[in-house]
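Written out below as C-alpha cells is the structure these notes cover.
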Amino acid sequence: MGKLYPDAKAALAGLLRDGMMILSGGFGLCGIPSLLIEAIRESGVRDLTIVSNNAGIDDAGLGLLLQTRQVRKMISSYVGENKTFAEQYLAGQLEIEFNPQGTLAERIRAGGAGIPAFYTKTGVGTAVAEGKPTAEFDGETYVQERGIVGDLAIIHAWKGDTEGNLVYRKTARNFNPVMATAARVTVAQVEHLVQPGEIDPDHIITPGVFVKRLVQCPPGYEKRIEQRTTRPRETA
Amino acid sequence: MGKLYPDAKAALAGLLRDGMMILSGGFGLCGIPSLLIEAIRESGVRDLTIVSNNAGIDDAGLGLLLQTRQVRKMISSYVGENKTFAEQYLAGQLEIEFNPQGTLAERIRAGGAGIPAFYTKTGVGTAVAEGKPTAEFDGETYVQERGIVGDLAIIHAWKGDTEGNLVYRKTARNFNPVMATAARVTVAQVEHLVQPGEIDPDHIITPGVFVKRLVQCPPGYEKRIEQRTTRPRETA
Amino acid sequence: MPWTRDQMAARAARELQDGFYVNLGIGIPTLVANHVPAGMNVQLQSENGMLGLGPFPYAGEEDPDLINAGKQTITELPTSSYFSSADSFAMIRGGHIDLSILGALQVAENGDLANWMIPGKMVKGMGGAMDLVAGVKKVVVLMEHTAGGKPKLLKQCTLPLTGARVVDMVITELGVFRLARRGEPRVELLEMAPEVTLEEVKAKTEAEFTLANA
Amino acid sequence: MPWTRDQMAARAARELQDGFYVNLGIGIPTLVANHVPAGMNVQLQSENGMLGLGPFPYAGEEDPDLINAGKQTITELPTSSYFSSADSFAMIRGGHIDLSILGALQVAENGDLANWMIPGKMVKGMGGAMDLVAGVKKVVVLMEHTAGGKPKLLKQCTLPLTGARVVDMVITELGVFRLARRGEPRVELLEMAPEVTLEEVKAKTEAEFTLANA
C-alpha cells in the first residue's frame, strides 16, 4: 500500500471524526492545504479544534470551515482577516486561544519532537502567561509552554515523491514542515508529484517518515494572493 | 567589512580566550571543522570546555586539542574512538559530561532558539537524570534539561556564500547547523565558496544571520574516513 | 515642525548598522526600508520565514508563494533564504535579530509595550509581536505621539501588554526617547523634531522624562 | 540447537512490517538489514542524520561525507534524505521511528535496559541509545543469552541503566521473550530455537518468565 491517494477525499478517508484536533499549515493564504480543507468541508465533520496561524479569509482557506460552523475552537496567533470569525466569536459560537506566533510554532515543533514542555521569555508579564508555571533561569523569568500534538495535520508542499519526501517553495514553507511532524497522521497535498530520487536528498525539508498520505493538486490548482502589492516600473 | 577571512587563523583572531566554551560540529570525523581545530591548536588557548558529539581520534579532529592538553572538559555523547582521551580521563586530567546524543543536540538547539530549558523522556530513571528536576506531564515523568550557549561555534559546510548562507553535504550535516545557532560567534569553514545568489534560497540550511566569519578550505583539503567499510562487487 | 511619517522612518533608519539583521513591523516601520544608507548591508527578516526581503514586485510578477508577514507580495534578493516558522522564531527568540522596529498603542516609562489588543474591541491576535519584543536585541517603537489627543507614552500602560520592559527607544513625530529595559525605569529625551518645543513634548507626554546630557 | 547470529537477525527481521522506519544498532542488529523480506518497504534511519540507508559502498567509492552512526561508510538510496542531528533526534524522541533493534549488556524483568556502561571500566558514552529506547515505538533487544556464563536477562539490572522499562522484546540464541513496558512486569517466552529445551532456557535465565499461551 503506497502513500499516494487519487484525491483529497480519498486521502482523508477514515481519518476524520467529530471533535478532533487538526493542524493546518500555511500563513495567511500562502502555502495552505486548500484541497484538503475543501475535502474536510465536504465531509461535514464538526466540533473541530484547528491549530493554524491564521483563520483564512471569509471565502478561502479555513474561512470555509468557519462558514459551515464546523470549527469549535481555533488556536492561532492572528485572525484579523476574517469577518466570519469575528461574528461567530462575538456571538459566543467560536472559541479562540491566542498564542504568540513563535510560541505557537515552538509548541508544535515540541509536540513533534517529543518535548512535552519548554520555557520561553515570550509573553512573560502579559496575559498569555496567566495561569502558566514560570521559572527563573540565570536570573531571568520564563514561562512554561506545552507541546501540541494533533490528531491530523494537513499541509501543502511544492514537490513530493511517492515516499512522502517533501520540499516547499519560498515563503509557502512557513508552518507546513513543523506541522507535518506533530500529528498522529499527516496528509500532504503536493503541487508536483515526482518519483523517489528526483529530489536531491540534501534538499528534502520533510523526510517521508512524517507523511502518511499524499495527494497531487490537479492541473489549474489556484493559489490566491491576499495583499497584491506592487511597485511602479522604473522609467528608462 | 565582509564575513570572509583569508585563513583559519585570521578567522579566529580576537575570538579565543582561555577557559571559553567552544561548540564543534561533526560526527566522528565526518563534517568536522579541521582547519579551525588546527588553528585553535596553533593559538595555544587553554582550559577549553568543548561541546562536541565525539572527541575525534588520537591524531585527528578534537584529538589534536587533547594531545596538547588544551581541553579541560568535554560535553559529548560518545568518546570511544580516542585513546588519548581515555588516558587523560583516567589520570584525572580531563572532565567529561556525558549527554545522551539527542539531549545534547536538543540542548544546543534550545540554546540557539532562546529556550533555557525543556523536558524530555530521554534518561528518566538513569544516571543522567540524577540531580535534575523532573515533572509529570499527562501521567509520564520527564527530566528537565538546560539549553547550551557557547562562546564560539566552529563548523564545517559544503558550500557557503559571502553572506554566510550555508549548505551541507550528506551526513556531514550532523551537528553543524544546530551548533551554528548556539554561540555568541560562529565561524564556518566551507569547501566551496560561492557568491550570494548561487545557492537556491530554498536549499539554504544555515541562513547567513548565524555565521559571523567564514574561511574557505584550501585546495587538497583532506576529509578522513574513520571506518572504511565496503562490499564486494557482484560478479557478472 | 513635527516630523512626517517619512522623516520618522528616516530617523529610525539611523539606528541601523552595517551587517544588521532587522525585522520591520507593519505600517510606518515598513517605510524604514526606504532609508537604508547606500552601501550599508542590512538584511530584513520576515517572521513568516525569510531573510533578505526584496521590494514589492512589478505588476504582473506577483508570486503567491512569496509574501511578507503583512501578507503582501514581495520579491527575493541574491542574499535571500527561506526557513520554516519554527526556525524563524528560533532565530528571533534566540537573539539573532539585531533590531526590531514596530508600532505601539502605548509605551510605559519602564519600557512596557502594548500594541495588540483593546479590550471591548474585536481582538485580532498578537501575531509575532510578543516574540519579537522578547527576543530581538534592540526594540525601537515608531508611533504617533498621541492618539485622539491623548498621550501614548505613559506612566503605566492601561492596555494589555505585548511585553514587559521590552522597549529601548521610542520615535514619534515630536522626538526620540531612550528607555531602560533593566534597572531603574528611566526615560530620556534624546532629540526633538525641528521647531518642536520642550513644552509641547511635555504637554503631550504623560511619562516622566529627563533631557539626555542635561 | 541455538540460533546463529544470522538466525537471530532473521528472527528479529520478522518484527518488521511494510512501511516501517527502523533504527538498527551496532553489532548483530546491523545484520537485520540483510533479512528484510523482498517487496517489503523498510527504511533504515541512522541517528547521525539520514533516512534510507543503503548498503556499504564498493571499494573505491567510499565517501567521507556519507557514514552511518557506527562511523562506517555507506551509500544512499533513491528514498534517502539528510537532516541535522537535532532533527534526527526530534524524529526519534517524537515517536516517529517504528522500531529500534539494539544490543544489551543486561535486561531486567520489568524492561529495564543496561547497555552503555560498566563501572570501573573506561566509559565510552551512551551515544544515541538512551534517546532511541526512550523515543522509538517498539524496542527489540538482540543479544547473547549469557555473558561469561552468566545470565543477562535478570530480575534486576546491576549495571547503570540506559532506560527504565523500555524493552518490548528480547531475542537471544535460545529464544524470544516478550516484556511489558507498562503495568505489572511480565516476561513471556514466545519461542525457542530448535532443540533448545525449556530447562536450558530456565537454567540460563535469572528473570522469572512464563510460557506464552501456557
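Numbered from 1 within each chain, the chains take letters A, B, ... in sequence-line order.
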Most contacts with chain B, counted as non-hydrogen pairs under 4.5 angstrom, among A:Glu140, A:Arg173, A:Lys121, A:Glu106: A:Glu106
Got a sec, which residues hit side chain to side chain contact (heavy atoms under 4.5 Å, CB included) with B:Thr120, two or more places apart in sequence or on another chain? B:Thr103, B:Phe118, B:Thr122, B:Val143, B:Glu145, D:Arg93
Any salt bridge (charged side-chain N to carboxylate O under 4.0 Å, His left out) pairs touching residues 208-224 of chain A, not counting sequence neighbours? A:Asp59-A:Arg224, A:Glu191-A:Lys223, A:Lys223-C:Asp65
Distance (rounded to the nearest 0.5 Å) between [X] [atom1] and [Y] [atom2]:
| X | Y | atom1 | atom2 | result |
| --- | --- | --- | --- | --- |
| B:Ser52 | B:Ile154 | OG | CD1 | 8.5 Å |
| A:Asn176 | A:Ile32 | CG | CD1 | 10.0 Å |
| A:Lys73 | A:Ile50 | NZ | CD1 | 12.5 Å |

Chain B heavy atoms under 4.5 Å from A:Tyr119: which part of the residue, side chain, backbone, both or neither? both
Less than 4.5 Å to any heavy atom of chain B: does that hold for the side chain of A:Gln144, its backbone, both, or neither? side chain
Among the options B:Pro116, B:Gly114, B:Ala113, pick out the one with the most heavy-atom pairs lying under 4.5 Å from chain A. B:Pro116
For residues 17-29 of chain A, which side-chain N or O atoms pair as donor and acceptor with protein atoms under 3.5 Å away, sequence neighbours left out?
from	atom 1	to	atom 2	distance (Å)
A:Arg17	NH2	A:Asp151	OD1	3.3
A:Asp18	OD1	A:Arg46	N	2.9

Interface residues of residues 161-170 of chain B facing chain A - non-hydrogen atoms under 4.5 Å apart: B:Tyr168, B:Arg169, B:Lys170
Please determine if B:Glu97 and B:Arg146 form a salt bridge, counting it only when a charged side-chain N lies under 4.0 Å from a carboxylate O. no
Aromatic plane relationship, A:Trp158 with A:His192 - under 30° parallel, 30 to 60° tilted, over 60° perpendicular: perpendicular
